[in-house]
Amino acid sequence: MTLTEVAFRYRPVVGIVLIALMIIGVVSYFTVPAREDPNLTIRESVIITEYPGLSADRVERLITRTLEEAVRRVPEIEEIHSLSMPGRSIIHAEVYERLYILDQIWDDLRDKVAAAVPNLPEGTGAPQINTDFGDVAVVTAALIAEDFTWRERHDMAEYVRDRLYAVPGTKRVDLLGAQPERIYIETSNARLSELGLDPQSLGAMLHAQNILRPGGVVDTGPRGFLVQPTGNFDSVAEIEEALITLPDGQGVMPLRDLATVRRATVDPPHQPAYVNGRPAIVFAISMLDEQSVLDYGHAVRDALEDIEATLPIGYALEIITFQAEQVAGAVYGVTANVLQ
């Protein structure tokens with residue numbers, strides 16, 4: 001008996017199957033997530049730890065090996081690859097391919113690394129653990145404001161990012177191209193030698209005056225009072241007025257008399273971003289996996305328009321890439337094929 005004969009004999013069953021498949025197809029058409037790039041499960045994390053000025057050999061012995069021992073305590077980790085370079089340790093940790101639920105594994109990894117931090121040399125930066133390689137930005141937008149300082153731009157970018165997180169379906173908003181600022185104290189070695197000072201002692205005196213410690217609580221019985229110590233530097237002017245104690249009883253001198261203090265961005269720039277030749281801060285916006293890029297993309301565009309209307313004069317928001325347009329073209333093509 002041929003397949004055709006079987007289908008003809010059991011026509012009701014074939015009809016029910018066809019109707020069920022059509023219903024499943026229609027439901028899937030309206031519910032399957034639409035996005036340009038597929039959601040990939042990447043079973044690898046990268047742990048980056050920095051200690052500026054430390055040689056590659058000491059980074060290997062003091063930082064990389066310590067963190068490797070902590071990572072090995074996670075039973076789901078299959079392979080560990082590490083790279084030690086001057087001032088930086090990079091560790092790649094890969095999970096077994098048979099595992100798909102990774103959130104708990106990454107939480108365990110972060111706990112193990114955090115427990116190993118006290119064993120690192122003093123002055124080591126906090127390990128940065130990146131486990132989100134699979135996130136794809138569905139919308140990228142730029143904040144342009146050439147007439148403002150980088151500090152003002154960064155504060156405004158933080159405000160815009162907070163507003164974008166309020167859009168339903170937002171998973172992550174990364175800031176790219178933001179230039180961190182530093183306080184630079186510039187003086188000449190001849191001037192320091194004349195006063196009997198050196199850069200290390202000068203830095204130690206400034207550090208001692210910049211109090212960043214909790215003051216505690218005064219317990220008076222029924223009530224307690226929070227004590228907040230003063231003395232930390234809040235501006236460049238306060239740093240300039242800091243008193244420097246000169247050796248051999250020569251007295252004290254304000255810092256502005258022996259050094260130039262200024263606030264500026266990191267030089268050379270750290271991963272700058274430009275839009276049409278203009279420096280900018282770029283928002284890379286990712287959405288949750290179950291969202292449709294068509295609906296989410298338009299919601300983000302509406303949010304950006306509303307946010308731009310609230311920005312001060314001189315700030316502008318421009319959309320760089322908008323994945324919803326490419327996906328809409330592909331979906332309309334599929335729709336035409338289905339109808340045909």
Side-chain angles (χ1 to χ4, degrees), residues 27-28 31-51 59-85 88-122 124-140 158 161-176 178 271 283-297 299-300 323 327:
V27 173
S28 299
T31 58
V32 170
R35 56 193 305 164
E36 183 179 14
D37 302 304
N39 183 33
L40 302 177
T41 300
I42 300 179
R43 301 171 177 82
E44 181 176 347
S45 65
V46 177
I47 307 168
I48 301 177
T49 311
E50 296 187 352
Y51 194 128
V59 167
E60 170 72 20
R61 290 187 292 105
L62 301 178
I63 298 177
T64 302
R65 291 183 182 177
T66 301
L67 294 179
E68 282 182 348
E69 290 296 327
V71 174
R72 287 193 182 97
R73 295 191 178 96
V74 180
E76 294 84 359
I77 298 298
E78 181 181 18
E79 294 185 9
I80 299 175
H81 308 279
S82 62
L83 173 64
S84 299
M85 60 184 68
R88 175 175 294 186
S89 167
I90 303 176
I91 300 175
H92 295 258
E94 299 181 13
V95 176
Y96 286 101
E97 291 187 2
R98 66 176 184 271
L99 301 175
Y100 289 89
I101 302 177
L102 304 179
D103 290 343
Q104 184 59 47
I105 299 174
W106 299 142
D107 289 341
D108 191 17
L109 175 65
R110 291 187 178 92
D111 292 340
K112 294 293 191 294
V113 171
V117 168
N119 298 326
L120 299 178
E122 183 179 355
T124 305
Q128 304 297 318
I129 304 176
N130 187 356
T131 60
D132 298 324
F133 293 99
D135 291 344
V136 177
V138 298
V139 180
T140 57
E158 292 282 355
R161 180 165 64 174
D162 292 341
R163 292 284 300 272
L164 290 174
Y165 271 120
V167 178
T170 301
K171 179 180 181 182
R172 180 174 175 180
V173 181
D174 291 325
L175 297 182
L176 309 176
Q271 297 179 349
F283 303 92
I285 308 168
S286 305
M287 68 177 187
L288 296 173
D289 296 338
E290 65 272 11
Q291 297 292 318
S292 170
V293 72
L294 300 177
D295 299 331
Y296 179 75
V300 170
Q323 195 181 103
V327 174

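The chain is numbered in sequence order, starting from 1.
The shortest non-hydrogen separation linking T49 to G125 is CG2-O, 3.5 Å. Here the closest heavy-atom approach between residue I47 and residue V113 is recorded as CD1-CG2, 4.0 Å. The two residues E44 and H92 have their closest heavy-atom pair at OE2-ND1, 2.6 Å. Of all heavy-atom pairs spanning Y165 and K171, the tightest one is CE2-O, 4.0 Å. Considering every non-hydrogen atom in both E78 and E97, the closest pair reads OE1-N, 4.4 Å.
Screening residues 109-122 for salt bridge (Lys or Arg N to Asp or Glu O under 4.0 Å) gives D107-R110, D108-K112 as the qualifying pairs, with residues at least two apart or on separate chains.
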Task: Check against side-chain contact (heavy atoms from CB on, under 4.5 Å), E94 and H81 - done: CA-CA 9 Å; E94 299 181 13; H81 308 279; 3.7 Å; yes
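Counting heavy atoms from C-beta on, the side chains of R43 and L102 come closer than 4.5 Å. T140 places none of its side-chain heavy atoms less than 4.5 Å from the side chain of F283. Under the 4.5 Å side-chain criterion, counting only non-hydrogen atoms from C-beta, E158 is in contact with L175. Two residues are said to be in side-chain contact when any heavy atoms from C-beta on lie closer than 4.5 Å; V95 and I77 meet this criterion. Looking at heavy atoms from C-beta onward, T66 lies in side-chain contact with L120 at the 4.5 angstrom threshold. Side-chain atoms of Y296 and I285, non-hydrogen and from C-beta on, do get closer than 4.5 Å to each other.
With rounding to the nearest 0.5 angstrom, the CD1 atom of I63 is 12.0 Å from the CD1 atom of I90. Taking CZ of R65 as the start and CG of N119 as the end, the distance is 15.5 Å to the nearest 0.5 Å. Summarising the geometry, atom CG belonging to D174 is positioned 6.5 Å from atom OG belonging to S286; distances are rounded to the nearest 0.5 Å. In this structure, CD on E60 lies 4.0 Å from OG on S84, to the nearest 0.5 angstrom.
Partners of Q271 under the side-chain contact (heavy atoms from CB on, under 4.5 Å) rule, at least two apart in sequence or in another chain, do not exist in this structure. Here E76 pairs with nothing under the salt bridge (charged side-chain N to carboxylate O under 4.0 Å, His left out) rule; sequence neighbours left out. Evaluation of the side-chain contact (heavy atoms from CB on, under 4.5 Å) rule for S82 yields T64, E68, I91 as partners, not counting sequence neighbours. Remark: A178 pairs with H154, I281 by the side-chain contact (heavy atoms from CB on, under 4.5 Å) rule, at least two apart or across chains. Checked against side-chain contact (heavy atoms from CB on, under 4.5 Å), L62 has the following partners two or more places apart in sequence or in another chain: R58, P121.
In this structure a side-chain-to-backbone donor-acceptor pair under 3.5 Å is missing from Y51 to V59.
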